[in-house]
Visitor: 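My questions all concern the structure below.
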Amino acid sequence: MLFSNRMINILIPIISVLLGLLSGAIIMFFFGYNPVEGYAALWNGAFGDSYFFGETIRQVTPYILSGLAVAFALRTGLLNIGVEGQVFVGWLASVWVGISFELPMVIHLPLAVLAAALAGAFWGFIPGILKAKLGVHEVIVTIMMNYIALYISNEMVRSVLTDGADRTPEIFPTASLASEWLASMTFYSRLHYGILIALFMAAVMWFVLNKTTTGFELRSVGFNQNASKYAGMNVSKNIVLAMVISGAFAGLAGAMEGLGTFGYMNVKSGFTNIGFDGIAVALLGANTALGVVLAAFLFGTLKIGALNMPTEAGVPTELVEIVIALIIFFVASSYIIRWVFLRFKKEGK
Amino acid sequence: MGIIDIIASIIPAAMVYAAPLIFTALGGVFSERSGIINIGLEGLMVMGAFVGVVFHLTFYDTFGAATPWVSILVAMAVSALFALVHAVASITFRADQVVSGVAINFLALGIGLFLTKQWYDKGQTDMVERPFYATDIPGLSQIPIIGDWFFSDWYMTSYLAIALAVLVWFIIYKTPFGLRLRSVGEHPMAADTNGIKVYRMRYIAVMLSGAFGGLGGSVYALTVALNFSHSTIVGQGFMALAAVIFGKWHPLGALGAAIFFGFAQSLSVFGSGLPLFEDVPQIFLLIAPYVLTILALAGFIGRAEAPKALGEPYVKGSR
Amino acid sequence: GSSDEGGEDQSSGGDSGESEDSSGEEAANGDFSVAMVTDVGGVDDKSFNQSAWEGLQAFGDENGMSKGEGFDYAQSESDSDYVTNLNRLVRQDYNLIFGIGYLLQPAIEEVAGQYGDTHFAIVDSVAEGDNIASITFKEHQGSFLAGVAAAKKTQSNQVGFVGGVDGDLINKFEAGFVAGVKSVNPDIEVDVQYAESFAAADKGKLIATNMYNKGVDVIYHASGATGNGVFAQAKDIKNNDPEANVWVIGVDRDQYEEGSVGDTNVTLTSMVKRVDIAVQDVSTQSMNGEFPGGEVLEYGLADDAVSIARTNEEALTEDIISSIEEWKEKIVNGDVEVPSTREDLETYVNSL
Amino acid sequence: MDYVIEMLNIRKEFPGIVANDNINLQVKKGEIHALLGENGAGKSTLMNVLFGLYQPEKGEIRVRGEKANITDPNVANGLGIGMVHQHFMLVDTFTVTENIVLGSEPKKMGRVNLKKAEQEVQELSERYGLNVDPRAKIRDISVGMQQRVEILKTLYRGAEILIFDEPTAVLTPQEIKELIQIMKSLVSEGKSIILITHKLKEIMEVCDRCTVIRKGQGIGTVDVAETNPTDLASLMVGREVSFSTEKKPAEPQETYLSIKDLRVKDVRGVEMVKGLNLDVKAGEIVGIAGVDGNGQSELIEAITGLRKTESGEIKLHDKALTNLTPRKVTQSGISHIPQDRHKFGLVLDFPIGENMVLQSYYDKPFSKNGVMNFKNIYKKANELIEEYDVRTPDAYTKARALSGGNQQKAIIGREVDRSPDLIIAAQPTRGLDVGAIEFIHQRLIEERDKGRAVLLLSFELEEIMNLSDRIAVMFDGQIVSEVKPEETNEQDLGLLMAGNTTVKAGGE
Ligand SMILES: Nc1ncnc2c1ncn2[C@@H]1O[C@H](COP(=O)(O)OP(=O)(O)OP(=O)(O)O)[C@@H](O)[C@H]1O
Ligand SMILES: Nc1ncnc2c1ncn2[C@@H]1O[C@H](COP(=O)(O)OP(=O)(O)OP(=O)(O)O)[C@@H](O)[C@H]1O
Ligand SMILES: [Mg+2]
Ligand SMILES: [Mg+2]
């Protein structure tokens, strides 16, 4: 046999990415840019030296978590467009704890991280409970919750965490994820320990969904609520739980920014897009834990690398946006790639 | 200012906010009624805004005062073509419709900004010189109260939005086309066995959603934003999606939902001037539209039934 | 890609910049080079990013440099890109790097702390560090004059202020504006509203609708793209009724163009902030070895770094202009201390 | 000989399976032609080819002697071929009329001329004695009515050749009788009918000829007049099949399930179970006979905890079950073979193996401390697959991929294996072929003989008569009478089910 199914499953995303990059190259060429230079600049921007590598990983960190958030909900049949808002409240909560207490690190840092997860979970709980009890469509509620989160966080920064300032003070070092060691290893990039949390959470998601009875229930409810009810599962509880866990992942993504990258929270004039990009990351990663990690890596690389394209190769960063979109399309349309494979397979026999 | 005057200023303002959402939501209704989730409404609006503005800037000398109208037509056409990408992916290639919609959002913004850079050599276009203007309807605007409320300072596009909502309602609920469209979204196989071309219906519906999304985006650009940049369409498409679901996939429901959003936003702005809300802290007014929406859903709108086949690619003969 | 000649890629710093021994920026003028990092607005935001870039370009022209050779910029897509971009430019051996916008302040402090040999400058904020020059503008002074213009122009004795996101920077505009208005006529009411976004043209339009309906006839906006909605509404009213007394005061640069309605124009004036002047100025100082590290530079009316546009000659009558000149005089002389926060404003207004 | 339909050497493949392998089918004008075969034999596939839903890989179709290239249902409609599908092709939210005219709507000024359509539907309905309300919504009418709508759909399009794919599987005896009348009147008008059914009795009753297919291959065509059910069955299965299930007389013991004065409302809030009383003892099978819609579903949902009861009492071994959660009900010793296997019985996207532990996954040995033990799960699953003859490539195959009969066997295996005290079997053999039915009946009797109580709900009188030790007739939310199968006949039962209380229980 020419290709095994397993191999096709692995090859499809790779081919999609290559097709996406190829299309990007064609566009560059068409508009008079040098695709080789363009991609070289992108590569250098993401991996050119250990500094950029560190920054890329830093960027990947929240993407993993927001991707997990979206993926987890989708696996249970819920579209969580509210990751953005959950990131906001998570960020806010982590910074709040980070600036409000002076505690030993072993308590302070976990507490701040936990606060973020709880805040995100709460923000997911609201659409979850409304869906479970009243059947209100989670898509609308989460969209609305994003705006509420944005405005409330801004207000909290201005009126509660500070006295009318745009930005909170820096968190205490005891609550910080930043690491001298990681930074010095990467020429003072902002790489922080959050990546460990993100990877750990990916493992947690994989374990919970695939190995635990809770995951069994969640997936079952995601596929067929009637059968789940018949089988004695509590459908409402599982819907709420799915949103709560999803929200917690998103809240952690916020903590990565609050405790890692920035160390403070500021008044935001709009969305961060960490949550919205998380939708793309999750879908690129086929809603699996490992897939999300890889997709986040791809996404982070492209985003960070793109920053280097205008200075080094004169290519506008927007082009990368197009490439990302095309990659998503090719992944989404994997049916057609699979079809081509099967044709080959048939003829190859 | 009396309450009647306040209402007179709130209504047209709310409609300005609502009209782009109405158009786009109508597009969403078409698409989702045919069974194709359209989370790419945001991207379709972006495309519409981009094309509308660029066309206007380029051809103002040719079309003069008619330019805004021609521009929205062109934006409709281009966005319809653009929506074809979503159609091909989600109908023919059986892509996950949510994924494909997300890609549409990225793609539209990417293309719009990239081309803006190429053509204008900067991050946003110039401002259009002659956008849509609000007008008073001669005669009707003289009617006491009603005239002030409904016939003064309205944009023609706001009337168009309402008219189109009614038209779409008629199409979807009264015509053979609409019956077929709905059947395709509820039970594509049943439609197929009745000799309806499921793919073709879905293609048409998705392209219509593109046209309407493009209309929404271009109307927004040519009444409110007046130029195109990365900050022109920031979430309106998602609000339109919310209006589709809020309105229970019904054209008039979507109309109502969009107008509801418009009023909620207006109230949050106008509220600070109303005696009732004077002492309410700003933050509450800010979040009020969103909280109200959730409350309305939880309180009395409740469970909405999506078209049954929504999100499922139709594969001939699958079980 | 350094083997390719010409084209877009003229950056000698590019990939070779990482090796320390490459002679760095061998720009036309000695080996001084300068770059800037935009905030998320982008280099062509028709606002301070653009203005800053124009300053760099002017500086480049003066010294025979070209983009990529001697000066360049890096655009940020999100808040988390600032540090990355600053670092990139440091690694490309730029001597002086500007951070445009207060949002970059923590990033500049962080990176400047790591690279003591590079000069940094932050626009619109104050950052700590010996190798950082803080460039701020006395927007309150310019806004004060905008207030004077508004007060002179209003017939209804009601004027409005539309802010983007409520915060220290925009409060400066607000305070100056209100002070200006009240200085001319304490009885004029100033309606202040924030859109909580720099990108919500729809909200801007709603706010403007509300204000104009209430009788406000001059609106000063400091709200980025949200202001587009304010212009849209003013133009709308003007188009319907050419006699209507509605005005917008633009911000950051001359927004005359935005105000045109047929033959008339609703842009009364604009509070122009010449970031270009400051950027050029600091670049020159730095090149000449006089980098004002650790200093806070305040550019104001006296430096012509904030000013009032006079493009709309029809609307900005002699009377108004002379009044503006009068107050400008007082401010520059120090006779009037323009408030820059809401608290100072309160004291100021009470003292009138 | 003039055939209206000839399908010659038809071959249709699906990925990994040949559903039709050189099948021939010739239908004469004016006949009712049966198509017989086990589950998965390829009957529906063949008919879908004829109707243009599938394109065959090979073969030729002739309609009225002329070669036809049926590329889609429109072509079929044009050729006068209409099909009533196994799974109804009706849009739930549409009215009867809308469903019928869909695709060929009468128009008036651009809009659907509903008035005219309704009138036409009304006329058609009267002409064939179908008696449907043109304005009713599909979701509000009974399955039998829905089927008539399907028939009307074909008639409305002027079909001369009608395909009925298992029309009787979902009908009540009364409805079946009416359907047979309808079919007879159709052929008397010169129309031809192809009828797929697993019920040999029906074939004997109405069909002229019968084509048998087995595992995708055509076995041959016989004249019904020259054959009998036993021959047909062995032709189809390829071995001997026994019909009436052998069973010893029941030995009922103590009462397991007892229901007192139960009242239950349906989704719309209408009371459907109205003060029902029923006992089921260990070691007996109690069959509930009744016309669909008399509260049977609500009754079962109430017992199993899927629906709240209004009042009354349900007890198992004197322990109250009333308004317990489904989990608690299951744990107290009740198994439930649900009526709708796709909606309730299975998570179709889970592997069949994981479906085998749908209610017991949380317990040892399938999990421990909340962590699943897939080794044990699949071990169990493989045992059940073996024991219950579930035909599947392996335990990791998604349930969706299995045929209906095998899905049902999997459910039965799962439910019986939990060794419950009470098994509730709702339409356990719906749509299954005789072989599978035989198997399932055997298992239920075995369970009875092990001393379990079995509550059987079926709309098929034959099944009720064959299996039950005691028949409880349900009408209008109550058990109106109880009879012994050996003391009654289908005729009397039918009358009782229609609410006719003048028939004395036990018959004369
Ligand atoms: N634009 C939209 N319109 C309607 N529903 C949407 C939309 N976007 C997302 N959804 C929701 O996305 C969720 C995930 O969709 P998906 O089709 O993958 O799940 P599913 O398991 O098939 O769920 P369902 O049982 O609702 O069909 C569903 O809850 C669906 O209702
Ligand atoms: N769309 C499809 N894709 C793949 N396999 C299919 C498809 N449709 C049918 N099959 C397979 O083809 C075979 C024949 O199926 P078909 O539905 O024709 O059987 P049937 O005789 O109608 O059975 P039943 O009595 O259960 O209705 C089965 O093995 C079935 O699993
Ligand atoms: Mg679905
Ligand atoms: Mg079949």
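All values derive from a computational prediction rather than experimental measurement. Residue numbering restarts at 1 for every chain, and letters A, B, ... go by the order of the sequence lines.
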Visitor: Could you look at C/Val230 and say if it's the side chain, the backbone, both or neither that has a heavy atom under 4.5 Å from chain B?
Guide: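 For C/Val230, there is no contact with chain B at all, as no heavy atom is under 4.5 Å.
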Visitor: Please assess B/Gln236 against C/Asp202 for the test side-chain contact (heavy atoms from CB on, under 4.5 Å), listing each intermediate value before the final yes or no.
Guide: CA-CA 10 Å; B/Gln236 290 91 332; C/Asp202 47 5; 3.9 Å; yes
Visitor: Going by side-chain contact (heavy atoms from CB on, under 4.5 Å), C/Asn228 matches just one of B/Thr232, B/Val224, B/Asn227. Which one?
Guide: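 The passing option is B/Asn227.
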Visitor: Return the minimal non-hydrogen interatomic distance between C/Leu206 and B/Ser266, and the atom names on each side.
Guide: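 Heavy atoms of C/Leu206 and B/Ser266 come nearest at CD2-OG, 3.7 Å.
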Visitor: Distance check, rounded to the nearest 0.5 Å: B/Met127 atom CE versus C/Gln255 atom CD?
Guide: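 If I round to the nearest 0.5 Å, the distance is 7.0 Å.
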Visitor: Indicate the atoms forming the closest heavy-atom contact of B/Ala225 with C/Ala201, along with that distance.
Guide: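 Scanning both residues, the minimum pair turns out to be CA-CB, 3.9 Å.
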Visitor: Given heavy-atom pairs under 4.5 angstrom as the criterion, report whether the side chain, backbone, both or neither of B/Thr223 touches chain C.
Guide: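 When you check distances to chain C, only backbone atoms of B/Thr223 fall under 4.5 Å.
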Visitor: Please check if atom CZ in B/Phe284 has more than 12 non-hydrogen atoms from other residues, nucleotides or ligands closer than 6.0 Å.
Guide: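 Result for CZ/B/Phe284: open.
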Visitor: Please check if atom CD in C/Glu346 has more than 12 non-hydrogen atoms from other residues, nucleotides or ligands closer than 6.0 Å.
Guide: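 12 or below, so no.
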Visitor: Got a second to check how far B/Leu286's CG is from C/Lys203's NZ, nearest 0.5 Å?
Guide: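 B/Leu286 atom CG to C/Lys203 atom NZ measures 4.5 Å (nearest 0.5 Å).
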Visitor: Can you name the nearest heavy-atom pair linking C/Gln193 to B/Val269, along with the distance?
Guide: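 Answer, listing the atom of C/Gln193 first, then B/Val269: NE2-O, 3.3 Å.
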Visitor: Nearest 0.5 Å, what's the CD1-OH distance between C/Ile237 and B/Tyr133?
Guide: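 Here the rounded value is 12.0 Å.
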Visitor: Given a strict heavy-atom distance threshold of 4.5 Å, which part of B/Tyr155 is in contact with chain C: side chain, backbone, both, or neither?
Guide: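 The side chain, not the backbone.
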Visitor: For the pair B/Leu226 and C/Lys235, evaluate side-chain contact (heavy atoms from CB on, under 4.5 Å) and give the outcome as yes or no after the intermediate values.
Guide: CA-CA 11 Å; B/Leu226 310 191; C/Lys235 285 164 76 165; 4.0 Å; yes
Visitor: Distance-only, no hydrogens or angles: does the C/Asp236 side chain make a donor-acceptor pair with backbone N or O of B/Ala134 under 3.5 Å?
Guide: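 Looks like yes, one N/O pair under 3.5 Å.
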Visitor: Calculate, to the nearest 0.5 Å, the distance between atoms CD1 and CG belonging to B/Ile10 and C/Asn210 respectively.
Guide: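 B/Ile10 CD1 to C/Asn210 CG: 8.0 Å, rounded to 0.5 Å.
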Visitor: Taking B/Ala8, B/Pro12, B/Ala13 one by one, which has the highest count of heavy-atom pairs under 4.5 Å against chain C?
Guide: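 Ranked by heavy-atom pairs under 4.5 Å with chain C, first place is B/Ala13.
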